[in-house]
Colleague: 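What follows is a structure written as structure tokens; I'll ask about it next.
Every chain is numbered from 1, with letters handed out A, B, ... down the list of sequences.
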Amino acid sequence: MNFDIDEEQRNFAEHARDFFSEQAGPGTARRLLDEAGDPAPGPRVLAELGFSSLTIPEIAGGVGAELLNMALVAEQAGRQLAGPSLATAARVAVLLEGDEGRLRDVSEGRTVIAVVDGSPAGSSPSMDALSATHFLALDGEDLLLGEGRVSPGEPIDATRGLGFVELTSSEVVCRDARERWERARQVACVVLAAEGLGAADRVVELGIEHARSRETFGRPIGAYQAVKHRLVDDWVAVNQLRSLVWWAAWAADHAPEQLPLAASAAKAYCATTFETACETLIHVLGGIGFTWEHDAHLYWRRAKVDRLLLGDESEHLAAVALQSISAATRAVSGETGTTEVVPV
Amino acid sequence: MNFDIDEEQRNFAEHARDFFSEQAGPGTARRLLDEAGDPAPGPRVLAELGFSSLTIPEIAGGVGAELLNMALVAEQAGRQLAGPSLATAARVAVLLEGDEGRLRDVSEGRTVIAVVDGSPAGSSPSMDALSATHFLALDGEDLLLGEGRVSPGEPIDATRGLGFVELTSSEVVCRDARERWERARQVACVVLAAEGLGAADRVVELGIEHARSRETFGRPIGAYQAVKHRLVDDWVAVNQLRSLVWWAAWAADHAPEQLPLAASAAKAYCATTFETACETLIHVLGGIGFTWEHDAHLYWRRAKVDRLLLGDESEHLAAVALQSISAATRAVSGETGTTEVVPV
Amino acid sequence: MDFDDTPDQARLRDAVRQFLVDHDSELAHGDGAYLEEPGTDRVEGLRRTQAILFDAGLIGLTWPKDYGGGGGTNAQQAVVNEELHRARVAGPIGHVGLGMCGPTVLGHGSEDQKQRYIRRLLRADDLWCQLFSEPGSGSDLAALRTKAVRHDDGWHIQGQKVWTTLAQHSRYGILLARTNPEAQKHRGLTMFVVDMESPGVTVRPLRQMNGHQSFNEVFLDDVVIDDSERLGDVDDGWRVALTTLMSERMAVGGGGGELGVRSDALVAHAASRLPQLSDDRRRLTIEALGRVLVESLAARYTGYRLQTSVERGGRPGPEASAGKLTAVRVAHATADLGQRLLGDEAVLARSVEGDWRWATSQASTPGIALAGGADEILRNILGERVLGLPPDSARVAPRPTPPSESR
Amino acid sequence: MDFDDTPDQARLRDAVRQFLVDHDSELAHGDGAYLEEPGTDRVEGLRRTQAILFDAGLIGLTWPKDYGGGGGTNAQQAVVNEELHRARVAGPIGHVGLGMCGPTVLGHGSEDQKQRYIRRLLRADDLWCQLFSEPGSGSDLAALRTKAVRHDDGWHIQGQKVWTTLAQHSRYGILLARTNPEAQKHRGLTMFVVDMESPGVTVRPLRQMNGHQSFNEVFLDDVVIDDSERLGDVDDGWRVALTTLMSERMAVGGGGGELGVRSDALVAHAASRLPQLSDDRRRLTIEALGRVLVESLAARYTGYRLQTSVERGGRPGPEASAGKLTAVRVAHATADLGQRLLGDEAVLARSVEGDWRWATSQASTPGIALAGGADEILRNILGERVLGLPPDSARVAPRPTPPSESR
């Protein structure tokens, strides 16, 4: 067993980190709450740099990398509240698997595709809808691609590009697409959790910085256990979230039978970890953390929204529980032979 | 509004406090884990002193007091892990309402009655079954009284006298008894919560005493926020539990339409408050709190059992939620006129 | 123990209820404390509402008659408050004046000050603010650095305050300033009434994470205050401030009042949403709703006990801080559950039907949590003053332990 | 990143699995760490199990060959551990020796000590205990008062230890004692190996709240230890103890191992109980189960990352403490959920079918929580050493604040 990223992946993440700190940041998230626009760095730039086509095969103009690499980039994107979400990109790459032509359009930035959650005739709020030119949707068992009319809602986090979509034209790009749809959603959960990981990591970092320097009653506030221990708990959770995200991303390519469990575990754990970290940060900052000008609320807004996207904590907790039970039941009845599907 | 007990009630509670500190105590709870026997002060003594017949009318040989007085005694009984539970006594008093003869037998200690939860043919573990001479049970809509065979289980808390009961003889003492059965259970919940209140109060007290005197790293451990704030949270919860218990006990006599809500609120809040207080105590005590000889685990055992008796937290939380919703719905439809049933 | 109205109280209740029915259209309404729709400004409407209620004798019922109050009992005020709550009347805009500044002026002001200020404060003719916190002193209030220096023409004030609720709408403020920089930090402070229209006062609203602008920065640049506007003795301002803080504690959650969206609004929301949920979701929601309601009831009935004790002449002690800890937690849980009940639309700040309450309350709770002391401060107060635990900072000198060697 | 076996590892796995099948009936089994049925004394069976595993090369795989170890890799040991886990083999009775005492002897003992002790320790021929905590020093270990005074015939030990796991079954212990009462508290300690059969050693088992007697008081009344049994230099015992504590941290939860009942046992229990629950209860239980499992997975995979880093020559740093915080929380939640799944019988210590695991684990968790440092100590370590937050005790002198005047 070797459960760590390698040197190349580390360098790759480092580059992504530099890129996103230059090209994105909470400032954009703040501005978008007052005026409409695309999140930074925006769909074209992500396509140009190959970030959104990381998991698209080379033959279709993509990078052909593993999902783990996408997760490493997503972590860095999350730190800077970048958008559109790489979760959407990863989801599209799975949904259009084998469709080289359309994937090439995506890789080369000619089309920007979002995925419609809910009915194609009138969707739930769907991620990155506001900046998309085309939409993928599931209609019964058929996967549709088409254009659509998008009505934005009043955003909590404006970088998620949430909109209600109504498809105005569509063609079936895949029949019997249910399994693929589910897998695409699991992959998207992993990448969304990776973005949450990066954001939560940054949030804990901000809290630690403040707790080291801000004094009250003659001592830095980080000396007080009430502050210190909350930050520690959040740091522990973020560190553990990283383990789940890496495992889930690895599973997508190397142990697909573990993906459903791992993706749900990562997504569920991310929901609470990220939200709690933001609440700690705002609390630890005191008055300044409640201001519009501080970045804290922008991360908090992202956390409040992300925890619900692609299934909330309850949905994923139930998935983990039921998959574990069903694997245990299969193991008892001998169905799986000597290899356990679920490492619980 | 006057939401406080009066001078007379205060004195009465004071006397009860003295009595139970002399006649009961965690020592008995510890001994009963190794050898069978009745909890202290035991059914006869409680009957002799009129504690178990507090809510039985004078005409039936009881004291004819309000449930609030019973709750005040129960709080003191709880502090010392006394038994049998006054919740059983209060429940029996409601179930036999109007049956002067049988109530007189109870008041005068000639019969000791427990209430059977579950089927009379083979019950769930039922409180105070081990020291009872007779049993009340609900069979369909009929209330039965009879003798029974009791098999004890291996106790977590040996003062609760839990046993599986099978009625060996019975007669119907009341038909269409469902409403009365429910009300008796609610009244029992209030008294059980009162016992939990007293126990939790004592537990917080023990934690505070220890935190004041035990030193580590040159300071009393109560100076550290991690210890101090946990004890504060427990103290706040105990204080709030007292409010719910008093309200529920008052409602039983003066606002019966509020009893179901208040009883469930008190019981649910007690479950967590008492259990959490015990876990804090054991934690704060360190190694000594993990020993058999310390009283901490005896309170902890009581908490682990009481939280499940007469309905667990989930059951009572649901009752609070559903009653509140149904009252709100009735209020909207104008059913209740000008007086709201549920003060939410 | 008795929750029933006396005949007098019952008459009062009927009268109030009738008044509120008759004047319903003139009054502002709302679903919770400090809960305002983003992008709207109801200040004038809320002032009008407070004036109407004051004129009807429903505000300041327990305040001295000499200064415009009703001279009534807490029990009467409690009856009135219940009816205001039932009628969904919005909380008074002048809550800082009513909850903190007014009691401080009453407790420590001159007869002249009381005559000039109290009646107009009760009626919201003047709004008041509390100029305490500074950029460098929040929890550690007594570390404040705004200076007041005595000259022939009065006290000259120099400094900056922050997180000052309502400052931009306020005519007056109570101001805590350092008058003796040499004294031990609690001993060199003095309290004043400051006219917010004085030269040298600059108010800059701060935009908050909920989009509102209820907090302000206040810059005090050589503001002159006449010595007659001093509250209490020179260098005795900490004692005066304790009156304010004690009142604040009672006002913010201490008396069992709710912060954030009202629990009855949550129940109504749940009642309308539950039927649309799947069985699974319904059960989880019911548990969550029960949990919020039980904690809310626990805080409410504890507030009633405190009210009874205050009515009997007790003063709200440090234990009143407990109510706020719970009230903030309930407000948080209420907003969270209310938002989640919006289902798919819970990712938006306003549902398709226009429900903005839960998202706004979520974004407002962190601010409410700061008023009257952060959780840690309240827990320290309770731990040290009520439970008798040793103080937090090492006033007892610890044995030194080099960090590198500690376990 | 790679979770797959190398061909060598796959061969090892097959061999181990076959061995465990063949010898299943000779081995003791169990559903979790530190989980023993009350009233049964399985010590002999557990010692036999450890000896069988040692003889088969499955214990001490990574320890130096010179002293009876296998000289293998952590990766090999991980494969073996997975197979032992899968086969439900009970954890080694000699866990204190393996996890703490052995590494300390290896790190600081003489060649002679290593030769004499390690092999027998691995084989559970000798059990070991760790004589650290005292009645007056638990979290603040360095405050210990047991004295060692040098005489011609060796060191004379006087003092008392407590919470000593396994002492009543142990042949040896590592003992931390004060050799220089004048020095600063961390600087006057020395570590020894003590023969528990020496004159003057009295072991008194303590009954615990779970009914077990795994903790002991140990009285040391003029016990004589030869200087050759010293571990490390005189007065340098704190540095030696840090090796022990570091190893303990890794052993108790740090490597992702579970404390309390195993999560697969909980899943199996839930699978058998869920069908009997009402719909409402089933949904609530599924959420609770999911929550335990996710946290358990989070800790497990974090342990794997730590193992990878240790395997690459990293030493387990203070961040290994994080694993224990989570593992204790998971153990607590596992026991609670397991017990509640017993339904009506959850009020008893043993279900009608005889299931005692959950109630026992509930009553054992507080003891497990103490080993390797209480939560507060672990959080301080993480906060100060990993996050770089300032130390807890006021090493920086605070400005004095009289308690009566603080806010």
Colleague: Under a 3.5 Å cutoff, is there a donor and acceptor pairing between the side chains of A:Q240 and D:T326?
Modeller: yes
Colleague: Out of A:E313, A:E66, A:H316, return the one with the most heavy atom pairs under 4.5 angstrom to chain D.
Modeller: A:E313
Colleague: How far apart are the C-alpha atoms of A:L317 and D:I286, what are their side-chain angles, what is the distance that settles it, and do they pass the side-chain contact (heavy atoms from CB on, under 4.5 Å) test?
Modeller: CA-CA 8 Å; A:L317 291 178; D:I286 285 170; over 6 Å; no
Colleague: Using a 6.0 Å distance limit plus a 45 degree cone around the ring axis, check whether A:R219 lies over the aromatic ring of A:Y224.
Modeller: yes
Colleague: Just to verify, which of D:N81, D:L84, D:L58 counts as forming a side chain to side chain contact (heavy atoms under 4.5 Å, CB included) with D:V16?
Modeller: D:L58
Colleague: So which part of A:L68 gets closer than 4.5 Å to some heavy atom of chain D, the side chain, the backbone, both or neither?
Modeller: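 Just the side chain, heavy atoms under 4.5 Å.
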Colleague: Using a cut-off of under 4.5 Å for heavy-atom pairs, which of D:L382, D:V294, D:L325 has the most such pairs with chain A?
Modeller: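 Top count of heavy-atom pairs under 4.5 Å with chain A: D:V294.
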Colleague: Do A:T280 and A:D234 pair up side chain to side chain, a donor and an acceptor below 3.5 Å, judged on atom types alone?
Modeller: yes
Colleague: Please flag which part of D:E311 lies under 4.5 Å from any non-hydrogen atom of chain A: side chain, backbone, both or neither.
Modeller: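 Answer is side chain: those atoms of D:E311 sit under 4.5 Å from chain A.
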Colleague: Which bit of D:L378 comes within less than 4.5 Å of chain A, counting heavy atoms only: side chain, backbone, both or neither?
Modeller: neither
Colleague: Can you tell me if D:D22 and D:Q18 form a side-chain donor-acceptor pair at under 3.5 Å?
Modeller: yes
Colleague: So which part of D:R283 gets closer than 4.5 Å to some heavy atom of chain A, the side chain, the backbone, both or neither?
Modeller: side chain
Colleague: D:Y301 pairs by ring pair (Phe, Tyr, Trp, His ring centres under 6.0 Å) with which of A:W246, A:Y269, A:W250, A:W247?
Modeller: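 The single option meeting the ring pair (Phe, Tyr, Trp, His ring centres under 6.0 Å) with D:Y301 is A:W247.
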Colleague: Among A:V227, A:L241, A:V236, which has the most heavy-atom pairs under 4.5 Å with chain D?
Modeller: A:V236
Colleague: Give, as side chain, backbone, both or neither, the part of A:L322 having an atom under 4.5 angstrom from any heavy atom of chain D.
Modeller: side chain
Colleague: In terms of heavy-atom proximity below 4.5 Å to chain A, should D:N74 be classed as side chain, backbone, both, or neither?
Modeller: neither
Colleague: Classify the side-chain pair A:S326/A:R330 by whether it contains a donor and acceptor separated by less than 3.5 Å.
Modeller: yes
Colleague: Using distance alone, with no hydrogens and no angle criterion, decide if D:R385 and D:N380 have a side-chain donor and acceptor under 3.5 Å apart.
Modeller: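 Judged by distance alone, the side chains do not pair up.
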Colleague: Measure distances from A:H254 to the heavy atoms of chain D and classify the residue's part below 4.5 Å as side chain, backbone, both or neither.
Modeller: neither
Colleague: Tell me which of these, A:V232, A:D6, A:L231, has more heavy-atom pairs under 4.5 Å with chain D than the rest.
Modeller: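 The candidate making the most pairs under 4.5 Å is A:V232.
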Colleague: Would you mind checking which part of A:D4 comes under 4.5 Å of any heavy atom in chain D, side chain (CB onward), backbone (N, CA, C, O), both or neither?
Modeller: both
Colleague: Please look at D:V292 and chain A and tell me whether the side chain, the backbone, both or neither of the residue comes under 4.5 angstrom of a heavy atom of that chain.
Modeller: neither
Colleague: Among A:A319, A:A211, A:S314, A:S264, which residue has the highest count of heavy-atom pairs closer than 4.5 Å to chain D?
Modeller: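 Counting heavy-atom pairs under 4.5 Å, the top option is A:S314.
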